[in-house]
Structure formats: structure tokens, C-alpha cells
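Some notes on the structure that comes next.
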Amino acid sequence: MLFRSLLDTSGKKADAESLYRDILHNDPTQDIAANNLAAMLAGDGSNPARLDEAAKIAARFATADQPWFADTLGWINYLQKNYPKAVELLNRATLGAADEPQFSYHLGAALYELKDYAGARKALEAAEKLVTSGKTYPEQAQAAALLARIPQG
């Protein structure tokens, strides 16, 4: 799995995807490989076939207590525009790992789509506070832009 992580972070995503698939082929119970493959396949949600495959792979995490797994499935639900289910899963992720700004951003984005602007603001401000204290994540700019779009009041 360490080799997989190195591939994933070094820009060799096709190699990492292939490795995840091999791991799951050899042992379908490997949740970390399933989570990482599902996240890669979901990407930005622009490829419906890959997003559907990601949803099938991540479905095993519907009742998972592990925050990363709940976040992955929650974000996939968000990308599929199933915002109520996304909020349910993303709430679980943020409760399990309140120090992960990406989870708070994901929750804020889903709440925003449900027009729960107070909840979205709270989640996005939590993400921003974590960034200020030194945590970083890839979607920081999107989170800041979304926070700026929330209506006042």
C-alpha cells in the first residue's frame, strides 16, 4: 500500500489505478484500495461512467465508521447530486475527523446545495480555520469561493 501511495501522489495516477484494481482483484476485502480507487474514479464527477463505477465500489462504506470512507462515499453522492445522502455521510466524516478541512469543505458544499446557508457557512469556516492553523487540502480555493457566495443573513 505504501507503493500505491507513492504512485498516487507522484502523478502516476494510471499506474496507481491499475495497482488498486490489482489489489482488489486479488483481495476484494481491501477497503483502503477500494476507497482510493473510488476516489480516483470519481475525480471531479465529469465522467459519468467512472463516477458510477466509483459509486459501486464505495457502496460498501454506507455504514462505515471510518471517516475517510464516509467522506469518499459522501463526496460521490454529492457529485451525483444526491445532496441529502451526501450530507448524512459527510456529517459522519466530520464528526469522526473534525481536524480534516477537506471533510468540512465537502459538508459545506453539500449543505450549500440544500440551501442550508448557515450550516454551509459553519462548515466552510471550520475548514478555513483549520487551514489557518496549518492544515492544507487541494480544494482550498473552491472552498473560499463558495464561502464568498453564501448569502449574508
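Atom set for the values below is all heavy atoms of this structure, side chains included, hydrogens, waters and symmetry mates excluded.
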>> Any non-hydrogen side-chain atom of Y137 less than 4.5 Å from a side-chain atom of V131?
In response: yes

>> Does Q80 form a side chain to side chain contact (heavy atoms under 4.5 Å, CB included) with D52? I'd like the steps, not just the answer.
In response: CA-CA 9 Å; Q80 292 179 318; D52 287 346; 3.5 Å; yes

> How many angstroms lie between CD1 in I23 and CG in N26, if you round to the nearest 0.5 Å?
Replying inline: 8.5 Å

> Side-chain heavy atoms under 4.5 angstrom apart, residues restricted to Ile, Leu, Val, Met, Phe, Trp, Tyr: same cluster for W75 and L147?
Replying inline: yes

>> Using side chain to side chain contact (heavy atoms under 4.5 Å, CB included), reason through Y78 and L89 one step at a time and then give a plain yes or no.
In response: CA-CA 10 Å; Y78 171 86; L89 291 157; over 6 Å; no

>> Applying side chain to side chain donor-acceptor pair (under 3.5 Å), can you list everything that pairs with K135, at least two apart in sequence or on another chain?
In response: none

> Do Y112 and R149 touch side chain to side chain, with heavy atoms closer than 4.5 Å?
Replying inline: yes

> What's the shortest heavy-atom distance between P48 and S46, and which atoms?
Replying inline: CD-O, 3.3 Å

>> I'd like to check L107 versus L111 (side-chain heavy atoms, cut-off strictly below 4.5 Å). Are they in contact?
In response: yes

>> Regarding D27 and Q30, do their side chains bring together a donor and an acceptor under 3.5 Å, going by distance alone?
In response: yes

>> When you group the ILVMFWY residues by side-chain heavy-atom contacts below 4.5 Å and let the links chain together, are I57 and L79 in the same group?
In response: no

>> To the closest 0.5 Å, what do you measure between CG (L37) and CG (L19)?
In response: 10.0 Å

> So, E88 and K85, do they make that salt bridge, N to O below 4.0 Å?
Replying inline: yes

> Could E17 and R21 be called an ion pair, given the rule that one side-chain N must be under 4.0 Å from one carboxylate O?
Replying inline: yes

> Given side chains that start at C-beta, do those of L51 and L41 come closer than 4.5 Å, heavy atoms only?
Replying inline: no

> Between L90 and F103, is a side chain to side chain contact (heavy atoms under 4.5 Å, CB included) present by the stated rule, with each step listed?
Replying inline: CA-CA 7 Å; L90 296 167; F103 297 175; over 6 Å; no

> Taking all atoms of both residues into account, what is the closest heavy-atom pair of R121 and P151, and its distance?
Replying inline: NH2-O, 3.7 Å

Using residues 60-73 as the side-chain source, report each donor-acceptor pair under 3.5 Å to any protein atom, sequence neighbours left out, with the distance given to one decimal.
unit_1, atom_1, unit_2, atom_2, d
R60, NH1, P28, O, 3.0
R60, NH1, D31, OD1, 2.7
R60, NH2, P28, O, 2.9
Q66, OE1, W68, N, 2.5
Q66, OE1, F69, N, 3.0
D71, OD1, H106, ND1, 2.8
D71, OD2, H106, ND1, 3.3
T72, OG1, N35, OD1, 2.6
T72, OG1, W68, O, 3.1

>> How close do S104 and A126 get, counting heavy atoms only, and between which atoms?
In response: OG-CB, 4.1 Å

> Under the side chain to side chain contact (heavy atoms under 4.5 Å, CB included) criterion, do E139 and Q142 qualify, and how do the steps go?
Replying inline: CA-CA 5 Å; E139 299 144 316; Q142 294 95 315; 3.8 Å; yes

> To the nearest 0.5 Å, how far apart are CD1 in I150 and OH in Y117?
Replying inline: 8.5 Å

> Which atom pair, heavy atoms only, marks the closest approach of I76 to A42?
Replying inline: CG1-CB, 3.8 Å

> P101 and D99: which non-hydrogen atoms are nearest, and at how many Å?
Replying inline: CD-O, 3.3 Å

> Hey, does the side chain of E113 reach the backbone of A110 with a donor-acceptor pair shorter than 3.5 angstrom?
Replying inline: no

